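Everything quoted here is computed from the prediction, not taken from an experiment. Atom set for the values below is all heavy atoms of this structure, side chains included, hydrogens, waters and symmetry mates excluded.
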Amino acid sequence: MADPQVQTLSQFTLSETPDGYLIEVEGDGGASIAVEASPEQLDAIISALDDVLSDDEAAADEVDEDEEEPDDDFTDDVAIDDES
């Protein structure tokens, strides 16, 4: 069951500041949060997102490899009638 306090992401903005970055996140219920992040923190966020997305992609690739592909060597026999 989903947490009733958790909102679906409706908007995300990232802007550069003199000290790093301003990250603003808004939920579909209207709640929002703004946080400042250093370049190092933003790099850590990017790395964490990349890890999660890479794991998802690897899992999807494993599913694709498990599915049988049709035999590419199969050819249809075609009869051609040249009697004109």
Side-chain angles (χ1 to χ4, degrees):
M1 183 172 173
D3 185 342
Q5 295 179 337
V6 175
Q7 298 180 28
T8 300
L9 179 67
S10 65
Q11 185 173 353
F12 170 85
T13 58
L14 177 66
S15 54
E16 198 165 359
T17 68
D19 296 325
Y21 299 92
L22 179 65
I23 303 168
E24 297 175 279
V25 179
E26 184 177 323
D28 61 354
S32 63
I33 185 171
V35 295
E36 286 185 303
S38 68
E40 294 81 15
Q41 290 171 317
L42 191 61
D43 284 342
I45 293 168
I46 292 167
S47 179
L49 289 170
D50 186 45
D51 288 347
V52 169
L53 294 173
S54 295
D55 289 347
D56 287 348
E57 187 175 302
D61 288 345
E62 287 177 14
V63 170
D64 289 344
E65 289 173 3
D66 290 342
E67 295 176 3
E68 286 190 36
E69 294 184 17
D71 187 3
D72 290 338
D73 294 334
F74 178 81
T75 57
D76 288 327
D77 291 329
V78 178
I80 301 174
D81 186 14
D82 279 344
E83 294 179 32
S84 300

Only distances under 3.5 Å count here; give the side-chain donor-acceptor pairs of residues 23-34 to other protein atoms, sequence neighbours excluded, each with its distance to 0.1 Å.
from: Glu24; atom 1: OE1; to: Thr13; atom 2: OG1; distance (Å): 3.2
from: Asp28; atom 1: OD1; to: Thr8; atom 2: N; distance (Å): 3.3

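- Glu36 and Gln41 get closest at one heavy-atom pair: O-OE1, 4.1 Å.
- Cluster membership check: Ile45 does not share its hydrophobic cluster with Val52, using side-chain heavy-atom separations under 4.5 Å among Ile, Leu, Val, Met, Phe, Trp and Tyr.
- Taken together through direct or relayed side-chain contacts under 4.5 Å among Ile, Leu, Val, Met, Phe, Trp and Tyr, Leu9 and Leu53 form parts of separate hydrophobic clusters.
- The hydrophobic cluster containing Leu22 does not contain Phe12, counting ILVMFWY residues as joined when their side-chain heavy atoms lie under 4.5 angstrom apart, directly or transitively.
- The cluster map of Ile, Leu, Val, Met, Phe, Trp and Tyr, joined by side-chain heavy atoms under 4.5 Å apart, puts Leu49 and Val35 in the same cluster.
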